[in-house]
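Take a look at the structure set out below.
Atoms within each ligand, like the ligands themselves, are counted from 1 in listed order.
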Amino acid sequence: MLGNFTYSNPTRIHFGKDALDELPAELEKYGDRVLLVYGGGSIKKTGLYDKIVNILADCGKQVSEVAGVMPNPTVQKLYEGCKVAKNNDVDFILAVGGGSVCDYAKAVSVSANCDEDPWEKYFIKFDEPTCKIIPVGCVLTMVGTGSEMNGGSVITNHDSKLKIGHVFGEEVYPKFSILNPELTYTLPEYQMKAGFYDIMSHILEQYFSGSDDNTSDYIMEGLLNSLIHSSRIAVKDPTDYEARSNIMWVATMALNTLVAKGKSTDWEVHMIGQAVGAYTDATHGMTLSAVSMAYYRYIMPYGLDKFKRYAINVWNVDTDGKSDEEIADEGLSAMENWMKEIGLVMNLKELGVTEEMLEGIADSTLIMEGGYKVLNHKEIVDILKASM
Ligand code: NZQ
Ligand code: ZN
């Protein structure tokens with residue numbers, strides 16, 4: 001049952017090869033002092049940095065910068081960004097990069113004018129912003145997180161071995177995002193593939209919750225079919241525009257709250273993956289792929305009907321003469337084969353996890369209640385062991 005909901009998403013999306021042409025008109029809507037935020041240098045190598053700086057100059061903006069936003073941005077980096085934003089009294093933050101840069105820009109936007117410690121306020125107490133929020137816009141260069149059209153912001157604290165996401169409200173969503181699939185062609189293969197699995201996990205963690213006849217599930221099956229089809233093409237030819245553009249749009253729709261409507265949503269794979277990330281700093285999508293098969297095989301009996309539906313509608317499993325368990329199991333095997341085919345990390349060892357870390361990773365894992373089975377500590381340890 002869909003129940004009652006309000007749906008609104010304030011992010012304006014400019015999509016396609018010419019999407020960057022829309023940037024000047026967007027920038028015009030905000031004040032002159034712009035904070036340009038980017039990662040470790042990929043945008044300088046690709047020439048995108050020069051294009052952006054020229055556009056900002058043509059628009060008469062006074063630009064300050066925070067460079068070197070790392071994958072899995074840290075709380076120390078957040079404090080640095082807050083200082084730069086405050087010292088320059090910025091009116092607008094332009095994020096140019098992947099999910100880490102977009103997440104970071106949102107974190108700075110709610111923290112620069114905040115009198116409290118933002119880590120404590122937003123990522124430990126999950127309080128909502130009470131200070132002035134600096135508007136953010138994104139030019140996306142990596143596909144996967146959905147950060148370009150949502151309020152999510154994930155920050156890592158290496159001292160306390162915690163990687164925590166706060167999902168902020170509409171006022172923190174990017175005001176606009178520029179999505180040009182061609183800007184993602186230069187991604188290293190490993191990052192491209194990690195992004196593919198991040199998308200898959202976002203969809204599955206909403207799909208595998210609830211058991212009713214829900215429009216969101218039908219939309220998600222469509223998104224999954226598109227992702228699986230296009231990922232196979234993109235892995236062979238990363239410059240196939242049709243495949244890369246389809247995947248880019250699937251990623252956005254997977255986590256812009258649309259398909260969560262009427263769903264309780266799970267997110268346990270993300271909680272385990274984030275704890276793995278806090279211990280290893282591994283690439284986000286790969287932390288999810290490494291634990292997914294063990295997780296889904298473990299919870300399958302608790303959501304058997306849905307796993308059967310998944311096998312039939314997404315993996316085209318032939319049902320003739322098979323029990324529900326056999327059908328569901330074949331669906332998961334087909335998923336596992338696809339994961340291996342596109343070249344995802346399938347175990348935790350490859351990410352640098354050791355047996356000694358497993359108890360600590362389980363301790364850092366938040367337990368969620370929206371999926372088919374609420375896990376306890378021992379079950380999380382067992383899933384981690386099975387993922388080694
Ligand atoms: O830093 P640079 O030099 O730019 O290099 C980046 C980085 O090393 C590189 N890259 C990005 N675009 C490129 C490129 N290299 C060449 N060409 C390009 N076009 O790719 C590397 C990874 O980038 P990153 O932004 O870290 O990846 P991703 O987009 O996967 O973001 C991961 C972060 O997002 C969080 C994750 O936890 C992680 O911290 N998430 C945010 C979510 C949200 N806001 O809703 C949800 C997700 O589940 C996720 O948790
Ligand atoms: Zn994710």
For this session: To the nearest 10 degrees, calculate the angle at the Zn ion (ligand 2) involving NE2 of H284 and NE2 of H202.
Result: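 H284 NE2 and H202 NE2 form an angle of 170° at the Zn ion (ligand 2).
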Write out the residue and atom name of the closest protein heavy atom to [atom], then the distance separating them to 0.1 Å.
| atom | answer |
| --- | --- |
| atom 31 (O) of ligand 1 | S100 N, 3.2 Å |
| atom 1 (O) of ligand 1 | G40 N, 2.6 Å |
| atom 45 (O) of ligand 1 | N150 ND2, 3.0 Å |
| atom 30 (O) of ligand 1 | M142 CE, 3.4 Å |
| atom 34 (O) of ligand 1 | T145 CG2, 3.3 Å |
| atom 3 (O) of ligand 1 | S42 N, 2.9 Å |
| atom 29 (O) of ligand 1 | G99 N, 2.7 Å |
| atom 21 (C) of ligand 1 | Q191 CD, 3.6 Å |

Problem set entry | K163, NZ: over 12 other non-hydrogen atoms inside 6.0 angstrom | yes
Problem set entry | Atom NZ of K44: over 12 foreign heavy atoms under 6.0 Å |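 Buried by this count: over 12 neighbours within 6.0 Å.
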Does some non-hydrogen atom of [X] fall short of 4.0 Å from ligand 1?
| X | answer |
| --- | --- |
| M70 | no |
| G41 | yes |
| P188 | yes |
| H202 | yes |

Exercise. So, D217 and K263, do they make that salt bridge, N to O below 4.0 Å?
Worked result: yes
For ligand 1, which part of [X] has a heavy atom less than 4.0 Å away: the side chain, the backbone, both, or neither?
| X | value |
| --- | --- |
| K163 | side chain |
| L255 | side chain |
| D103 | side chain |

Check: [X]/[Y] side-chain N/O donor and acceptor closer than 3.5 Å:
| X | Y | result |
| --- | --- | --- |
| S64 | R33 | no |
| H14 | D21 | no |
| D266 | Y295 | yes |
| E128 | Y122 | no |

Answer yes or no: is there a side-chain heavy-atom contact under 4.5 Å between [X] and [Y]?
| X | Y | value |
| --- | --- | --- |
| Y310 | L204 | yes |
| V66 | Y104 | yes |
| T283 | Y190 | yes |
| L223 | V259 | yes |
| L56 | L27 | yes |

Quick one: which ligand 1 atoms are inside 4.0 Å of a heavy atom on [X]?
| X | answer |
| --- | --- |
| G39 | 1 (O) |
| G152 | 44 (N), 45 (O) |
| S147 | 44 (N) |

For [atom], state which one of [options] supplies the nearest heavy atom.
| atom | options | result |
| --- | --- | --- |
| atom 39 (O) of ligand 1 | N72, V167, T46, T74 | N72 |
| atom 16 (C) of ligand 1 | V96, V269, T186, N256 | T186 |
| atom 19 (N) of ligand 1 | L183, T184, V101, L187 | L183 |

For this session: Give a yes or no answer on whether the side chain of D198 reaches the backbone of A194 with a donor-acceptor pair at less than 3.5 Å.
Result: no
For this session: Would you mind telling me which of E242, K17, M248 makes a side chain to side chain contact (heavy atoms under 4.5 Å, CB included) with P181?
Result: M248
Exercise. What's the atom name of the N, O or S in D198 nearest to the Zn ion (ligand 2)?
Worked result: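 Result: OD1.
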